[in-house]
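Ligands are counted one by one from 1 in listed order, and the atoms in each one are counted from 1 as well. If you read the sequence from its start, that first residue is 1, and numbering goes on from there.
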Amino acid sequence: MKKILTITFLLSVVQIQAQNMRVVPTKAQLAWHETEYYLFVHFGPNTFTDKEWGHGDEPESVFAPSELDCRQWCRIAKQAGAKGIIITAKHHDGFCLWPSNYSKHTVRESKWKEGKGDVLRELSDACRESGLKFGVYISPWDRNHPDYGTPKYNDVFVNMMKEILLNYGPVWELWWDGANGEGPNGKKQEYDWRRFENTVRQYAPRTVIFSDIGPDIRWVGNEQGFAGDPNWNFLDTAGYKRGEGAPSTDTLNHGNYNGRQWIPAECDVSIRPGWFYHQQEDEKVKTPQQLFDLYLKSVGRGANLLLNVPPDRQGRINRADSIALIGFRELRDKSFTNNLLKDAESYYEFSQRDLKNRPLLIRGFDTTSSYYGINLQNFIVQLKSPQSINCVVLREAIHLGQTVRRFSIVFYDGTKAIGEVQGTSVGRKRILTFPAVKATSFRVYLEDAKGNDNISGMAAFYIPETLVEK
Ligand code: FUL
């Protein structure tokens, strides 16, 4: 009897572990991971009143862009190498950038284009034309709507989402802000999240939903744009709620190593101090170098980067921001174009599989994830000639899960070890930067993993010294 119990116990342990190891992304999440970096656009009455959180009592006439040009936003996004745009269709002030039938606080009531304007229409068209993904931020918190704070508001919110999903889709990502304050009647809303989620799944099953705790994508726990190190794509949401009931910011930042759901992190951060445009911040736009550093701390830790670039009162992306964005693009191109492993050879010390993995290195580091994985243990890369290296990039075949917890890389000059770097999680992409070493080969040691590791891409670069992560 005791034996049977022990066996049953062991089997269930094995089962639980196997279940954990099988946590993998959905197809939509996998595609989302590949979008890597895209723009956030905060635009609305706050742009004109110089506020960050409007009270919802602003007259609609304040919304008056003089030369709104969503095609200009898209051109700049493309030039900057971003893959999509997410727009604040409705911020906390409740103003709708589309003529919603469920509100009287919209572009229709403004004087812009004599009430015939529709920012969502213009942006969704422009995104489609330029091959950018179109995403929508919609704040459940509404400081204007008369029904807010009553069950009727949940109908309003559902209907607004339906309007957006059905009339402007495909919506690639839907962004639910966790903030929940009081409405015009002084009451907070009891959101019917289950119904909200069902609505999106019913009308737009391919849309990925962001909120603090998913269901598809989680908030990274800060608005500075950096993911945790390590960063797990797993999160346990049982017992947690959106907004104030969310897990600790530290948990959101790192994820849960043993989490049962695949809910990867997105790093939202603004190119300026504020989320909305304020002229006095024109001098405070982040530099290309700062943006590059954010890229290392977000994308380089396996998360996605959602970079906010707020249009000005004309309705155009300001010159100061576009210059920074293009500069950021140039730094990425300069850094990641010349993969030093192009001609390298790779092999396992203790196996006969010499050179079998060469395609991994040659394919190097494209954006489509390879469907084959190799194991890191004793993986050696032999360079054709000595190379100065200060950056190594790894990818895990995340469609098979995420397992790598700790690894190290030892660099050699001939047979002499000349340097070592350490890394934690890998996930969709891990970019390690370090003081340059001149090496003839290097060896990757897997120090700890939660299951079979599958590395699907590896590359090495010599990036400008000033860009090495501090
Ligand atoms: C927060 C909001 O309160 C900010 O205004 C901004 O929209 C940011 C992205 O999310 O919760």
Side-chain angles (χ1 to χ4, degrees), residues 37-58 62-63 73 82 84-97 105 119-120 123 135-145 148 157 160-161 164 171 173-183 188-189 191 193 196 208-214 216-227 240-249 252-253 265-278 281 284-286 291 294 298 303-312 321:
Y37 142 66
Y38 31 91
L39 301 189
F40 211 177
V41 164
H42 275 67
F43 189 56
N46 294 339
T47 313
F48 303 89
T49 55
D50 238 346
K51 287 186 188 148
E52 278 291 310
W53 280 9
H55 290 273
D57 54 3
E58 301 77 19
V62 299
F63 183 80
W73 309 356
I85 297 185
I86 300 181
I87 184 166
T88 51
K90 178 176 85 109
H91 202 249
H92 309 325
D93 55 32
F95 185 83
C96 301
L97 292 183
H105 194 49
V119 184
L120 286 200
L123 182 60
V136 173
Y137 161 115
I138 179 163
S139 166
W141 182 22
D142 193 316
R143 303 174 97 181
N144 170 273
H145 207 283
Y148 190 86
F157 193 69
M160 285 180 171
M161 286 196 297
I164 293 173
V171 171
E173 177 172 334
L174 190 69
W175 219 92
W176 286 335
D177 197 312
N180 177 358
E182 279 128 28
K188 282 193 180 180
Q189 179 73 23
Y191 300 128
W193 288 113
F196 297 169
V208 285
I209 306 175
F210 166 101
S211 84
D212 324 39
I213 56 167
D216 300 315
I217 304 156
R218 73 171 192 268
W219 182 45
V220 77
N222 64 68
E223 292 182 338
Q224 279 79 53
F226 64 92
Y240 289 108
K241 292 199 179 105
R242 296 188 169 88
E244 277 162 18
S248 73
T249 50
L252 293 171
N253 197 231
E266 182 184 80
C267 303
D268 59 320
V269 58
S270 187
I271 198 166
R272 292 161 169 260
W275 290 101
F276 285 86
Y277 177 83
H278 309 289
E281 292 180 355
K284 297 193 178 141
V285 173
K286 292 189 172 63
L291 296 174
L294 283 178
S298 54
N304 275 8
L305 172 61
L306 172 58
L307 179 61
N308 180 61
V309 182
D312 59 18
D321 307 67

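At a heavy-atom cutoff of 4.0 Å, ligand 1 is contacted by the side chain of Asp268 but not by its backbone.
Near His42, meaning under 4.0 Å from one of its heavy atoms, ligand 1 places the atoms 6 (C), 7 (O), 9 (C). Close approach of ligand 1 to Phe40 is summarised as follows: ligand atoms under 4.0 Å from at least one heavy atom of the residue are 9 (C). For ligand 1, the atoms closer than 4.0 angstrom to any heavy atom of Glu223 are 1 (C), 8 (C), 10 (O). Of all the atoms in ligand 1, the ones that sit under 4.0 Å from a non-hydrogen atom of Tyr137 are 7 (O).
Taking atom 3 (O) of ligand 1 as the reference point, the nearest protein heavy-atom neighbour is His92 NE2, 2.8 Å. When hydrogens are left out, the protein atom nearest atom 5 (O) of ligand 1 is His91 NE2, 2.9 Å; that is the closest non-hydrogen contact.
In this structure, the ring of Phe157 has its center less than 6.0 angstrom from the ring center of Phe196. In this structure, the ring of Phe63 has its center less than 6.0 angstrom from the ring center of Phe43.
Taking the salt bridge (Lys or Arg N to Asp or Glu O under 4.0 Å) definition, one finds that Lys284 meets it with nothing, sequence neighbours left out. Under the rule for a salt bridge (Lys or Arg N to Asp or Glu O under 4.0 Å), Asp212 has no partner lying at least two apart in sequence or in another chain.
For the residue pair Glu182 and Trp141, no side-chain donor N or O sits within less than 3.5 Å of a side-chain acceptor on the partner. Using modelled atom types, one finds no donor on one side chain facing an acceptor on the other under 3.5 Å when comparing Asn304 with Tyr37.
Taking distance alone, with nitrogen or oxygen atoms compared against 3.5 Å, Trp275 stays at or beyond that limit from ligand 1.
Taking each of Asp177, Asp212, Asn180 in turn, the one with a heavy atom nearest to atom 11 (O) of ligand 1 proves to be Asp177.
The shell of residues lying under 4.0 angstrom from ligand 1, judged by heavy atoms, excludes Phe276.
Taking all atoms of both residues into account, the shortest heavy-atom contact from Leu307 to Ile271 is CD1-N, 4.0 Å.
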